[in-house]
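We name chains A, B, ... by the order of the sequence lines, and we start the count at 1 in each one.
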Amino acid sequence: MINKRTSIEEAIAKIGDGAVVMVGGFGVPGTPFTLIEELVRQNPRRLTIIKNDANEAGMGVDHLLRNGQVERLVVSHIGLNPHAIQLKNEGRIEVEFCPQGILAERIRAAGAGLAGFLTDIAMETLLAEGKPRVELDGEEYLVERALEADFALIHAHAADPFGNLTYAASARNFSPLMAMAADTVIVEAENMVALGGIAPEAVHTPGPFVDHVVELQELSEAYGVVRR
Amino acid sequence: MINKRTSIEEAIAKIGDGAVVMVGGFGVPGTPFTLIEELVRQNPRRLTIIKNDANEAGMGVDHLLRNGQVERLVVSHIGLNPHAIQLKNEGRIEVEFCPQGILAERIRAAGAGLAGFLTDIAMETLLAEGKPRVELDGEEYLVERALEADFALIHAHAADPFGNLTYAASARNFSPLMAMAADTVIVEAENMVALGGIAPEAVHTPGPFVDHVVELQELSEAYGVVRR
Amino acid sequence: MLSGADERMVRRAAREVRAGMTVNLGIGYPTLVVDYLEPGLPVCMHSENGISGQGPALPFEQADRNLIDAGGAYVSTLPGTAFFDSAVSFALVRGGRLDLSMLGALQVAANGDLANWIIPGKYTPGVGGGIELAQKACRVVVLCTHLDKRGQSKIVAQCDLPLTAPACVDRVYTDMAVIDVTDTGMVLREIAAGLSVDEVIAATAAPLLIDENELATF
Amino acid sequence: MLSGADERMVRRAAREVRAGMTVNLGIGYPTLVVDYLEPGLPVCMHSENGISGQGPALPFEQADRNLIDAGGAYVSTLPGTAFFDSAVSFALVRGGRLDLSMLGALQVAANGDLANWIIPGKYTPGVGGGIELAQKACRVVVLCTHLDKRGQSKIVAQCDLPLTAPACVDRVYTDMAVIDVTDTGMVLREIAAGLSVDEVIAATAAPLLIDENELATF
């Protein structure tokens, strides 16, 4: 199995203007802060960011927002980031809200090579507006489209050089789904282990889904426990 | 977390005539031979069995076929069981074939509370006959329906009393999907461990999906390596 | 610190949780329910970011940076905890394995309609997992103050705020009352100690069915 | 034991597999390809029952009862093997992460249509994972004998057997020839040592484009 270790500069350099980028994480756990930092440094513009949330003001994807790199957010909520809410209200970014589980499922559908799925979730809400409906066996359903991306940025607890991954605790969240749904999957790994260092039964994301593995040299403060 | 340990007699007694029963396993690995044996003994009739395959002649679900308990099979293939092919050709059982990954995905869709999904798989084949089609963004797709069951019979490598499960090697296959998709999930476990005996990151099927855990007292020959 | 009335509401709502249930506690009052459960009650707490069997919250000093609940609080594991991804987490909810969902509310209507995620033009944070938790849990109960900050009833004949999910609420716990949503309308089951039925009726903008003989106090 | 011609076919087909690929080998001749790979070539073998990085087959005495490939052979792990469920396994296929699928065939048509799963009334075992492996792998190559048991060409102008997937085959390896499926039709690329072009043409029921100057032998 080939070695997918890549420098962070080289991996992130693949992301150009207008790219659609999935970013793992739910709050702090699972957010790939170091990859995001490099994305800010390399500064591609007009990005679409797909993530559960917009992190908190001054953290993670908020750096992309502050740097004016984001044109569109697809999220389940931005309630912890007043800055993102402000940008939305001022019309400076476009925000598409999805119910959280539907966001997860749309990402997974892309990863599974499906075009979409039928659900009754949110049918009688504002979020159903403009979505196609179909009837199946006498019931009406919304059609939710698969949501794919050019890139996924993923934080792993451990990775081997082939890209087999594990996630820690609640840092798993959207990452295994996004790692299936993007054309190019870039992983930052807290711990690099040798091939065979992850037991076959313990792998959370199998290597064939992963394109680039970047070893984290250190964890910045952003990864730490937040005092509230 | 409550204790879901149940005797095999009591667990299988819930399965009545006409039940729709999912059975884990791909070939021998993952097939719950002991639960099947008890299902033969208790002898409910007119069952629908959903499984990847029909095992081999004289093994696993073939005992249900021989005992005349099966009205309908939903499978991806029955190529290793000439007896099942014969029953089908004689019109004594009804067989619905699904592409293997579509079978997996239909089961998962039921487990995920979706009504169905859109795919182009098998669109131009015999297996598309009679399936609804919808157009989405200018492309035509098949609608594949979620496939749910009254019961799932699952073989686990290890289980704790709450029903957190792990699977061994390629014995995982359809089991985690079926464990999500049935109203009542009955597990046979090779190894019972205490609560906490499975690390939270290592759980393959979380306990909330499971209803009954039966401890296997011994492994019959059926579980062993087959000499070919 | 909870007021006495709020504390009684949360304590009363905690009796919803029974042995063997898988339960999701939403942000706000529902989160507090965990502190009022009978010790040792065998329940399984679900957090939609990917945890079943979630353990108690932890202070800063003991926190694991990778282990939060969906509200962002640092939490712990228990023997029997499992972690999974967000798709599995909501499969559990939509697939019918969540026995009880406790949610906050902006408005609850007489038919069980719930509005709790958006005030157009004012409060637009997105819905998170709220729609699925409201629409698909086997039982949905709401914990909220009976009146909003401007003294308007949150219990209404019809929601004028956009819905989270229609006809989803089974029961409402407020600081003033316990109200069931039934096929024939809202039924007042219990009132807070020290209140009169008339005071509850006056504070409620939905019709209430009342059988004074059955009415309990909490 | 493979005949000399079959062995050459399998050995030639093995050159399809290049460093870094994720590869699925179907039942029959494709399974044998693994024995002809360059030692140490960094490839990842996928088995649709839920394995990536599958290791070599094992004899009865060393077999793990829980570890088979999709063809039922007992196989082994390697450093870097991963196990997953059937939904993830086919997500990998349909999602575009399977670089190469090698399949057997009953018929391959000039436009790349593949028939390999059913002979109505005679052979009806079900399709297994064949449709997805044919329809969705990034590259699909077929390994089959050029003629069926009754001497009929498997390479046909149009399939008369029901299709597995339309226009999916990129290349065909037989005991007689290597044939590419192109937009303008089938192109004869290589012929087996000892055969004449006319013999291959005579054994083929589809039109073949041939540039004799480019034609290689294998």
- Message: So A/Y223 and C/N66, do their side chains get closer than 4.5 Å, heavy atoms only?
- Response: no

- Item | Side chain, backbone, both or neither of A/I102 within contact of chain C (heavy atoms, under 4.5 Å) | both

- Item | Region of A/V95 that comes under 4.5 Å of a non-hydrogen atom in chain C | neither

- Item | Validation row: A/N89, C/T124 side chains within 4.5 angstrom (heavy atoms) | yes

- Item | Spacing of OG belonging to A/S170 relative to CG belonging to C/N49, to within rounding of 0.5 Å | 5.0 Å

- Taking the side chain as C-beta and beyond, is there a heavy-atom pair between A/L127 and C/W117 under 4.5 Å? yes

- Task: Please look at A/P176 and chain C and tell me whether the side chain, the backbone, both or neither of the residue comes under 4.5 angstrom of a heavy atom of that chain.
- Result: side chain

- Task: To the nearest 0.5 Å, tell me how far C/S47 OG sits from A/F26 CZ.
- Result: 6.5 Å

- Are the side chains of C/R94 and A/E105 in touch, meaning some heavy atoms are under 4.5 Å apart? yes

- Message: Is it the case that the side chain of C/E48 and the backbone of A/G101 share a donor-acceptor pair, with hydrogens and angles ignored and the cut-off at 3.5 Å?
- Response: no

- Between A/E190 and chain C, which part of the residue has a heavy atom less than 4.5 Å away: side chain, backbone, both or neither? side chain

- Item | C/L133 side chain near A/Q100 side chain, heavy-atom distance below 4.5 Å | no

- Less than 4.5 Å apart, any side-chain heavy atom of C/D85 and any of A/F174? no

- Engaged part of A/L219 at the chain C interface, taking heavy atoms whose separation is under 4.5 Å: side chain

- Query: Would A/R227 count as a cation-pi partner of C/F60, with NZ or CZ less than 6.0 Å from the six-membered ring centre and within 45° of the ring normal?
  - Reply: yes

- Using a strict cut-off of less than 4.0 Å between a Lys/Arg side-chain nitrogen and an Asp/Glu carboxylate oxygen, indicate whether C/R65 and A/E221 qualify as a salt bridge. no

- Query: Non-hydrogen atoms of chain C under 4.5 Å away: do they reach the side chain of A/I121, the backbone, both or neither?
  - Reply: both

- Note on the structure: Okay, C/I131 and chain A: the region with an atom under 4.5 Å from a heavy atom over there is side chain

- Message: Between A/E124 and chain C, with a heavy-atom cut-off of 4.5 Å, which part of the residue counts as in contact: side chain, backbone, both or neither?
- Response: both

